[in-house]
Protein chains: 2
Amino acid sequence: MIAPTPSELEILNILWKSGEATTQIVNDQLNLTRPVGYTTTLKTMQLMTEKGLLDRRKEGKSHVYFALSDESKTKSHLLDKIIQTTFGGSTSGLLMQLFGNKAVSQDEIVQIRAFLDGMEDKNHG
Amino acid sequence: MIAPTPSELEILNILWKSGEATTQIVNDQLNLTRPVGYTTTLKTMQLMTEKGLLDRRKEGKSHVYFALSDESKTKSHLLDKIIQTTFGGSTSGLLMQLFGNKAVSQDEIVQIRAFLDGMEDKNHG
DNA sequence: CTTGAACTACGAAAGTATTCGTATATATTT
DNA sequence: AAATATATACGAATACTTTCGTAGTTCAAG
């Protein structure tokens with residue numbers, strides 16, 4: 001599994017959401033959050049393509065990029081890593097931290113409840 | 001809030017657990033997991049002291065180091081960061097990922113529900 | 001008070017990630 | 001087909017982190 005760097009993850013998040021996009025579009029999206037030069041984004045996406053994180057197809061004079069790495073697998077892997085390094089491998093340690101010290105909105109609690117309901121149904125059925 | 005680097009976090013975890021320790025002890029602990037030179041550990045701890053992550057007192061010819069940064073605050077901060085960068089700011093997104101790809105026992109679900117109950121009581125009270 | 005073991009200080013190299021300038025290529029417009 | 005706009009390719013600079021060698025310090029034992 002190839003772990004993306006922070007910058008690469010930003011780009012992956014954009015491509016996972018939009019399915020595919022040109023460098024221009026990705027760069028515009030990035031610049032909604034922070035300033036970054038066009039060629040910087042281009043270079044990063046080229047490196048990601050070499051690494052096998054992305055692939056691309058030619059369209060007119062530009063390239064259209066799309067993610068090869070699986071969203072769920074990648075995020076799961078990143079999560080495992082922080083559980084390992086920050087919480088000594090303990091998933092419940094992470095949960096305690098999350099619930100014990102962080103404000104979680106009512107909406108999110110509702111969402112989490114619904115999710116747990118679904119899981120329990122699965123377990124019982 | 002000063003975010004520790006990965007290497008710094010390893011050292012913090014050791015000091016949070018033991019309260020305080022010399023470079024020697026920290027380095028020995030690190031070497032249970034991976035090989036790292038004594039002066040590497042020393043240098044890192046010196047940098048951490050400059051940054052205000054650690055402080056130390058002289059004892060004999062060596063220094064005894066201890067963490068200045070709060071464990072819970074630091075972990076909470078790291079967690080916030082991954083929630084932001086990886087899950088678009090959605091805590092429930094993280095939980096779904098966690099529950100979706102890992103086996104979570106019925107006991108843990110019950111525990112989490114109890115947590116949520118407690119939080120809601122707090123919110124409403 | 002000299003020797004040796006353990007420790008600190010610090011510069012600099014090595015590794016990794018990010019950034020961007022500049023040259024070149026491609027398509028479109030006039 | 002020349003000029004313009006938009007792309008790509010790529011080298012190299014910058015930044016950040018980690019690594020360790022070497023020189024010098026401190027303390028204790030002989």
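Protein chains get the first letters and strands the later ones, always in sequence-line order, with residue 1 at the start of each. Only heavy atoms go into these numbers, but all of them, side chains included; no hydrogens, no water, no symmetry mates.
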Pairs under 3.5 Å (N/O, protein and nucleotides 1-8 of chain D):
from, atom 1, to, atom 2, distance (Å)
D:dT6, O4', A:Lys61, NZ, 3.2
D:dT6, O2, A:Lys61, NZ, 3.3
D:dA7, OP2, A:Gln24, NE2, 2.7
D:dT8, OP1, A:His63, N, 3.0
D:dT8, OP2, A:Tyr38, OH, 2.5

Problem - DNA chain C contacts among residues 2-19 of chain A, heavy-atom distance under 4.0 Å - result: A:Thr5, A:Pro6, A:Ser7
How would you list, by chain and number, every residue that makes a side-chain hydrogen bond (donor to acceptor under 3.5 Å, both in side chains) with [X], sequence neighbours excluded?
X: B:Glu71; result: B:Lys75
X: B:Glu10; result: B:Arg34
X: B:Ser92; result: A:Gln111, B:Ser90
X: B:Lys51; result: B:Glu8

Exercise for the section: Kindly say if B:Thr44 contacts the phosphate of D:dT18, meaning a side-chain N or O under 4.0 Å from OP1 or OP2. Expected result: no
The criterion is side chain to side chain contact (heavy atoms under 4.5 Å, CB included); which residues satisfy it with [X], sequence neighbours excluded?
X: B:Asp28; value: B:Gln24
X: A:Glu59; value: A:Arg57, A:Val64
X: A:Ile25; value: A:Ala21, A:Thr22
X: B:Asn31; value: B:Asn27, B:Pro35, B:Val36

Handout entry: Start and end of the DNA chain C segment that chain A contacts, any atom under 4.0 Å from a heavy atom
Key = C:dA17 to C:dA27
Problem - d(CG, B:Leu30; P, D:dT17) in whole Å - result: 18 Å
Problem - Under 3.5 Å: donor-acceptor pair, side chain of A:Trp16, backbone of A:Asp70 - result: no
Exercise for the section: List, by chain and then residue number, the residues other than B:Leu68 in its hydrophobic cluster (Ile/Leu/Val/Met/Phe/Trp/Tyr, side-chain heavy atoms under 4.5 Å); write none if there are no others. Expected result: B:Phe66
